[in-house]
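Notes for the one structure printed next.
Convention: sequence-line order gives letters A, B, ...; per-chain numbering from 1.
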Amino acid sequence: MTTTTTELPYHHLPTENPNQPISQKSLLNLLTTKCTTSLHLLKQTHALILKTNHFQDHFIAGSLIKSYSNPFHNPSTSFLQVFHQVPNPNVFVWNSVITACVDNNDPCLALVYYSNMVGSNAKPNKFTYPVLFKACMVMKCVDYGVQVHCHVVKNGFMDDGYVRSAAIRMYSSVGRVVEARMVCDYGEKDVVCFNAMINGYLKCGEIESASGLFDSMTKKNVGTWNAMVTGLVKCGMVEDARKVFDEMPERDEISWSVMIDGYNKNGCFKEGLEVFRAMLGEKVMPKKFVLSSVASACANVGSLDQGKWIHAYAKQNSIELDGVLGTALVDMYAKLGRLDLAWDVFETMKRKEVSSWNAMIGGLAMHGRAKDAIELFLQMEKKRVQPDEITFVGLLNACAHGGLVDVGLECFDRMQDVYGVEPTVHHYGCMVDLLGRAGRLAEAEELVYNMPMTPSPAVWGALLGACRVHENIDMGEKIGKTLIELDPQNGGRYALLSNIYAKAGRWGDVKKVRTLMKQNGVKTTTGRSTIDIDGIVHEFKIGDSDHPRAREIYEMVEEMIVKLELEGYVPKTSEVLFDIEEDEKETTLWRHSEKLAIAFGLISTSPGTPIRVTKNLRMCEDCHLVIKLVSCVYKRDIVVRDRLRFHHFRNGKCSCKDFW
DNA sequence: TTAGGGTTAG
């Protein structure tokens, strides 16, 4: 069998005629094309440059520095070595090396080279300064930034829009919006400077100033609108962002992407999908980033059909399932309960990144398949893929759900000893969960008190959850109180403590928790359940009556009550927080969002198809019980994914063993 | 001369 070399030897390089001397143009062409993906070819070209005396050409030398600084080649110091070979570097060569330093995350070195440049014969030009401002921004050092600004003024480059926009970004990145605005208002109006300014204001939370500037602009471009939409989304003002978005005279790929992603980040997945539909309606072709955002929205509302559509669309349009889109699809299918499809995507991905492995391991963990998650991790080790902290969060979660305490403990040690991954507060949370679920409460508590950082509310929450399951009232009470003090605005914390009291029959204390909650003015996060019927996402909140088919849904609920009571169903009211009458509690329970969603599923789907519901919070014990019975009485497969994990109900049984 | 800016990205 013969092997073919992918890299061509010299005589195949595109010299027009091998007897003619190679031109500057073809060398530059080589550097900017083939050499970007092959260090070998870059070295060959370097040799060719030296051999043909082209190294004296400053433009060639500078371009060579740029090529060596390409992160693809893991440059470290190679571009510096090239730079130091250049006799009497001119401004272009200096600019090249300064840019290369910044591109390789060494902004400090960029400033060192700038000061050397100033000390040499070469005079900085307008191309020198944008990258220097960037260096100061990365270093978060406004003092250096001010010095650079002085040099700009002294050398007369304040008229340049590129220089000024970089200065605006530098100043506003450290909150100095007044200085930024002064730079922005200097000289000729430049739309990019204004856009950078709008972005700066919004990053500093100065919404009024941003909209003031926005309104004052007469020649806005798409970037201006995008800056406004992006900024508002980042300030958590999705509704306002949407208003601006709707007014846009034209939208580009970024506009759509920002809006869809903005909805995602604020938990409004249904709205995100609606915007995506509008995008398709306007015949805009989505690319991989939008597709991956939409995949995530599908995962979060439980839209398997739309998720499959995204996958098929990518296939049809030959969009590669790379580290971004492929991983998003793996994660999506796993969250939609289709580990088989997640695995198909994972296997077909040519370039798997750590995040891809993480998504697959996390997916297995979520489904309680701890052993498979560990097996996959071993494969990852074999393939010499360096795991990161997220990998271990997935593994530890898998161990916690699967009750593999010893494996989990070993994993925690190996993470540090073998992989040098320092445990974060998340890892400690997993460990507390792992020990707590297994009933090793004392060890879990000890870990919380001995961890090297301040325990986050989530860590306390894991411990408290364990206290509740293992009915350790004393520890639970202590932890519950600590947790409420630490995180007084989180309604879930009160609910947990209240549940602990309720389980112990301490109704007086339940009442006290409720009063405290009122005093602290806590807003509870409402549970929302979604179900996708024929591509339309239906969302339910507790006691929802907005749905067009609300009457039928409640009739179905009534029917369910009758049928389930015949099966001997008794409501589990212990998790109802409020100090209300017992029969009222039962009514409340029946109005829970997942029950409404399932009632709707029963009336709107055919008997053979599984009913898939997704809930943003943890399912309560009563819902778990009811759905189990419904699956039996109505002979339906029901899949509910809540915030923690999968519950697959069939014939009155649930695949999820560790429900709490 | 040649190069460089703002808005997105699991």
Side-chain angles (χ1 to χ4, degrees), chain A residues 24-25 27-28 31-32 57-63 65-66 90-100 102-103 125-134 137 157 160-170 172-173 180 183-184 190-200 202-203 214 220-234 241 244-245 248 251-262 264-265 286-297 299 322-332 334-335 353-360 362 388 390:
Chain A
Q24 185 206 46
K25 201 178 150 206
L27 285 171
L28 290 174
L31 286 175
T32 51
D57 177 341
H58 278 142
F59 189 45
I60 294 269
S63 302
I65 291 169
K66 189 181 176 183
N90 74 349
V91 57
F92 181 79
V93 177
W94 281 106
N95 289 349
S96 300
V97 75
I98 290 170
T99 306
V102 175
D103 287 346
N125 64 9
K126 61 179 181 175
F127 293 100
T128 317
Y129 291 102
V131 70
L132 287 176
F133 279 126
K134 189 179 171 192
M137 184 172 74
F157 294 120
D160 190 87
Y162 292 80
V163 174
R164 278 191 291 134
S165 69
I168 293 166
R169 253 159 62 83
M170 185 277 295
S172 55
S173 74
V183 175
C184 183
D190 181 307
V191 72
V192 175
C193 287
F194 279 87
N195 296 353
M197 194 62 234
I198 288 177
N199 178 254
L202 289 166
K203 269 197 184 132
F214 180 78
K220 302 178 181 88
N221 66 11
V222 202
T224 318
W225 291 86
N226 287 345
M228 203 63 204
V229 175
T230 314
L232 288 171
V233 161
K234 280 194 183 139
V244 177
F245 178 83
M248 289 179 76
R251 304 184 186 93
D252 62 7
E253 170 84 13
I254 294 172
S255 327
W256 293 100
S257 175
V258 169
M259 199 61 242
I260 294 170
D261 215 55
N264 275 0
K265 291 221 169 81
K287 297 202 185 82
K288 67 173 182 175
F289 285 116
V290 166
L291 291 176
S292 49
S293 296
V294 175
S296 153
D322 62 358
V324 176
L325 183 55
T327 305
L329 289 177
V330 169
D331 185 60
M332 176 191 81
K335 284 188 174 144
E353 294 185 18
V354 198
S355 59
S356 325
W357 292 88
N358 291 350
M360 198 61 228
D388 65 8
I390 316 240

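By the side-chain hydrogen bond (donor to acceptor under 3.5 Å, both in side chains) test, Asp103(A) pairs with no residue at all, sequence neighbours left out. For the side-chain hydrogen bond (donor to acceptor under 3.5 Å, both in side chains) test, no residue two or more places apart in sequence or in another chain qualifies with Ser296(A). Looking at residues two or more places apart in sequence or on another chain, you find a side-chain contact (heavy atoms from CB on, under 4.5 Å) between Thr327(A) and Met349(A), Ser355(A), Ser356(A), Ala359(A). In this view, Ile390(A) and Asn358(A), Asp388(A) satisfy the side-chain contact (heavy atoms from CB on, under 4.5 Å) rule, not counting sequence neighbours. In this view, Asp190(A) and Arg164(A), Val192(A), Cys193(A) satisfy the side-chain contact (heavy atoms from CB on, under 4.5 Å) rule, not counting sequence neighbours.
Contact annotation for Asn95(A): base contact, defined as any heavy-atom pair under 4.0 Å involving a base atom. The residue Lys265(A) sits close only to the backbone: its heavy atoms come under 4.0 Å of sugar-phosphate atoms, none of a base. Note on Lys234(A): only backbone sugar-phosphate atoms sit closer than 4.0 angstrom, heavy atoms only; bases stay farther off. Residue contacts for Asp252(A): at a heavy-atom cut-off of 4.0 Å it reaches no nucleic acid atom on any strand shown. Thr230(A) comes within 4.0 angstrom of the backbone, heavy atoms only, and of no base. Residue-level contact check: Asp331(A) touches neither bases nor backbone, having no heavy atom under 4.0 Å from any strand. Contacts of Asn125(A) with the nucleic acid, taken as non-hydrogen atoms under 4.0 Å apart, include base atoms. Ala328(A) comes within 4.0 angstrom of sugar-phosphate atoms only, judged by non-hydrogen atoms across all strands, and of no base. Using a 4.0 Å heavy-atom distance criterion, Asn358(A) is classed as making no nucleic acid contact. Counting non-hydrogen atoms under 4.0 angstrom, Lys288(A) reaches nothing in the nucleic acid. At the heavy-atom level, Ser356(A) lies nowhere under 4.0 Å from the strands shown. Counting any heavy atom pair closer than 4.0 Å across all strands shown, Val222(A) reaches no nucleic acid atom. If you check every strand for non-hydrogen atoms under 4.0 Å, Val324(A) touches sugar and phosphate atoms only. In this structure, Arg169(A) reaches the sugar-phosphate backbone alone: every heavy-atom distance under 4.0 Å involves primed, P, OP1 or OP2 atoms, never a base.
Along DNA chain B, read 5' to 3', the first and last nucleotides having any atom under 4.0 Å from a heavy atom of chain A are dT2(B) to dG10(B).
With respect to Asp252(A), the side-chain contact (heavy atoms from CB on, under 4.5 Å) criterion is satisfied by exactly one of Val258(A), Asn226(A), Asn221(A): Asn226(A).
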Go through it in stages, so that I can follow the logic: the residues are Phe214(A) and Trp225(A), the test is ring pair (Phe, Tyr, Trp, His ring centres under 6.0 Å), and I'd like the CA-CA distance, side-chain angles, deciding distance and then a yes or no. CA-CA 8 Å; Phe214(A) 180 78; Trp225(A) 291 86; 5.1 Å; yes
